[in-house]
Amino acid sequence: MDSSAKKSSPVVVTSPTPWPRDVSHRAHLPIGQVLSLVKPEFPALTLSKIRYLEKEGLLTPKRTAAGYRQYSDADVQRLRYILTLQRDSYCPLEVIGDHLAALDAGHEDELEPTVKVVSEAGKTKVPVGSSVSVRQLCDLTGITREEVESYVKLGILTPDLAGYFPVRAIQIVQLVAQINKLGIPTRMLRTLRNSAERQADLIDQTVDPMRARGRSGDVERAHAKAQQLTEQCANLHREFLRGAVDRLMESGR
């Protein structure tokens with residue numbers, strides 16, 4: 001063996017600092033403070049959503065010895081980036097994860113605006129059972145993001161953890177606009193939402209014994225019964241409302 005031969009040194013691969021690199025990565029912010037910093041720009045943000053983004057691998061806070069989450073200024077910027085992509089570019093979380101991975105690897109991020117609205121013969125088509133982003137909701141109804149955020153604050157609309165709304169939000173927004181034109185401001189409509197929640201609780205109590213048995217057939221029957229009750233309660237509410245308004249109009253003569 002040639003004694004002059006030198007053993008090759010192992011190659012050490014250093015992982016790059018996660019993006020963003022020009023911001024402090026010192027973990028010092030509790031989750032409540034992160035929420036306070038970001039919520040003014042994204043009013044729908046909640047503690048649950050921040051935890052959900054961690055579960056999905058998009059945020060990686062440090063943990064204290066006692067197990068509490070601690071975030072850095074870089075984490076806050078990363079959170080803002082995620083929420084902006086959801087709001088402005090209709091990006092699902094897996095796509096946002098790809099963007100973040102590219103940024104972490106040192107690549108430039110080039111986003112192309114995307115609009116997931118399909119029109120046919122002048123009518124907008126949204127797949128049944130799908131969800132819509134803030135951008136879609138604005139495109140489909142003509143309202144602004146600020147109005148969407150105000151609806152969320154009032155409880156008129158409720159996004160899921162990923163920031164999307166059920167398709168029924170489109171009709172809700174359209175109905176709110178029509179009611180506004182007739183003279184009732186949006187802030188007064190929270191009463192209707194609260195009434196609906198109370199009726200939903202009544203329906204839930206009615207079908208819960210059937211659903212609690214846990215058998216697939218019972219769960220399906222409970223769901224069908226809940227839908228039937230929803231329709232009948234809505235019909236009864238409409239008739240009660242019409243009767244109450246008629247009495248008011250008659251008493252004012």
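Keep in mind the model is a prediction, meaning the values are calculated, not measured.
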Rounded to the nearest 0.5 angstrom, the OG-CG distance for Ser48 and Leu35 is 10.0 Å
For Ile203, the hydrophobic cluster (side chain heavy atoms closer than 4.5 Å, chained through members) also holds Val207, Leu229
Original post:
Can you find a pair of side-chain heavy atoms, one from Tyr81 and one from Leu100, that are under 4.5 Å apart?
Top reply: yes
Sequence neighbours excluded, the answer for side chain to side chain donor-acceptor pair (under 3.5 Å) partners of Asp246 is none
Those residues at least two apart in sequence (or on a different chain) that pass side chain to side chain donor-acceptor pair (under 3.5 Å) with Arg247 are none
**Asked** Asp104 side chain to Pro18 main-chain N or O, any donor-acceptor pair under 3.5 Å?
**Response** no
Test of understanding: clusters of I, L, V, M, F, W, Y form through side-chain heavy atoms closer than 4.5 Å, transitively. Do Ile172 and Met188 belong to the same one?
yes
Contacts table for residues 151-158: side-chain donor-acceptor under 3.5 angstrom, sequence neighbours left out:
unit_1	atom_1	unit_2	atom_2	d
Thr158	OG1	Arg193	NH2	3.3

_Quick check against the 3.5 Å criterion: does Arg78 have a side-chain atom that pairs as donor or acceptor with the backbone of Leu58?_
yes
Heavy-atom donor-acceptor pair, Lys39 side chain to Leu45 backbone, under 3.5 Å:
yes
Does Arg198 form a salt bridge (charged side-chain N to carboxylate O under 4.0 Å, His left out) with Asp201? I'd like the steps, not just the answer. CA-CA 5 Å; Arg198 290 194 293 271; Asp201 286 340; over 6 Å; no
Review point. Between His28 and Arg26, is there a donor-acceptor pair closer than 3.5 Å when you use the side chain of the first and the backbone of the second?
Key: yes
Here the gap from Arg69 atom CZ to Arg63 atom CZ, rounded to the nearest 0.5 Å, amounts to 4.0 Å
Kindly indicate, with the supporting measurements, whether the criterion side-chain contact (heavy atoms from CB on, under 4.5 Å) is fulfilled by Ile50 and Tyr71.
CA-CA 11 Å; Ile50 296 175; Tyr71 297 82; 3.5 Å; yes
Closest non-hydrogen contact found for Arg80 with Val38 is CG-CG1, 4.2 Å
Contacts of Ser72 meeting side chain to side chain donor-acceptor pair (under 3.5 Å) (sequence neighbours excluded), chain-then-number -> Asp75
For Val95, the other hydrophobic cluster members (4.5 Å side-chain criterion, sorted by chain and number) are none
Separation between OG1 (Thr60) and CD (Glu54), nearest 0.5 Å, reads 8.0 Å
Residues joined to Phe240 in its hydrophobic cluster, side chain to side chain under 4.5 Å directly or through other members, sorted by chain and number, are Leu236
Rounded to the nearest 0.5 Å, the CG atom of Leu189 sits from the OG atom of Ser195 at a distance of 12.5 Å
Between Val23 and Leu59, is there a shared hydrophobic cluster once you connect ILVMFWY residues whose side-chain heavy atoms come closer than 4.5 Å?
no
Of all heavy-atom pairs linking Ala226 and Thr230, the shortest is O-OG1, 2.7 Å
> Is the side chain of Arg145 donor-acceptor paired with the backbone N or O of Cys138 at a distance under 3.5 Å, no angle test?
Replying inline: no
* To do: Report whether Leu29 and Tyr68 are members of the same hydrophobic cluster (ILVMFWY, side-chain heavy atoms less than 4.5 Å apart, transitive linking).
  => no
With the 4.5 Å side-chain cut-off for hydrophobic clustering, are Leu93 and Leu47 part of the same group? yes
Taken to the nearest 0.5 Å, the spacing of Glu56 CD from Lys49 NZ works out to 11.5 Å
By side-chain contact (heavy atoms from CB on, under 4.5 Å), Thr191 pairs with (sequence neighbours left out) none
By side-chain contact (heavy atoms from CB on, under 4.5 Å), His223 pairs with (sequence neighbours left out) Gln227
Applying side-chain contact (heavy atoms from CB on, under 4.5 Å) to Gln228 and not counting sequence neighbours gives none
query: When you look at Leu175 and Gln178, which way does the side-chain contact (heavy atoms from CB on, under 4.5 Å) test go after all the steps?
result: CA-CA 5 Å; Leu175 289 171; Gln178 293 170 17; 4.0 Å; yes
Sequence neighbours excluded, the answer for side chain to side chain donor-acceptor pair (under 3.5 Å) partners of Asp98 is none
In short, Met210 meets Ala222 closest at the heavy-atom pair SD-N, 3.3 Å
Tell me, do Leu202 and Gln199 make a side-chain contact under 4.5 Å, heavy atoms counted? no
Test log, rule side-chain contact (heavy atoms from CB on, under 4.5 Å), inputs Val134 and Glu149: CA-CA 9 Å; Val134 173; Glu149 291 170 357; over 6 Å; no
For Pro20 and His25 the tightest heavy-atom approach is O-NE2, 2.6 Å
Closer than 3.5 angstrom, by distance alone: can the side chain of Thr17 be matched with the main-chain N or O of Arg21 as a donor-acceptor pair?
no
- Message: For Glu94, is the CD atom crowded, meaning more than 12 foreign heavy atoms sit under 6.0 Å from it?
- Response: no
Heavy-atom closest pair (Thr141 atom, Gln174 atom, distance to 0.1 Å) is CG2-CG, 4.4 Å
With heavy-atom distances below 4.5 Å as the criterion, would you say the side chains of Phe42 and Thr84 are in contact?
yes
Original post:
Is the side chain of Glu147 donor-acceptor paired with the backbone N or O of Thr144 at a distance under 3.5 Å, no angle test?
Top reply: yes
Here the side-chain hydrogen bond (donor to acceptor under 3.5 Å, both in side chains) pairs for residues 233-245, sequence neighbours left out, are Asn235-Arg238, Glu239-Arg242
query = Is it true that atom CZ of Arg187 has more than 12 heavy atoms of other residues, nucleotides or ligands lying nearer than 6.0 Å?
reply = no
Smallest heavy-atom separation, Ile82 atom then Ile96 atom, equals O-CD1, 3.7 Å
Query raised in the report: Between Gln77 and Asp73, is a side-chain contact (heavy atoms from CB on, under 4.5 Å) present by the stated rule, with each step listed?
Result: CA-CA 6 Å; Gln77 185 168 329; Asp73 294 336; over 6 Å; no
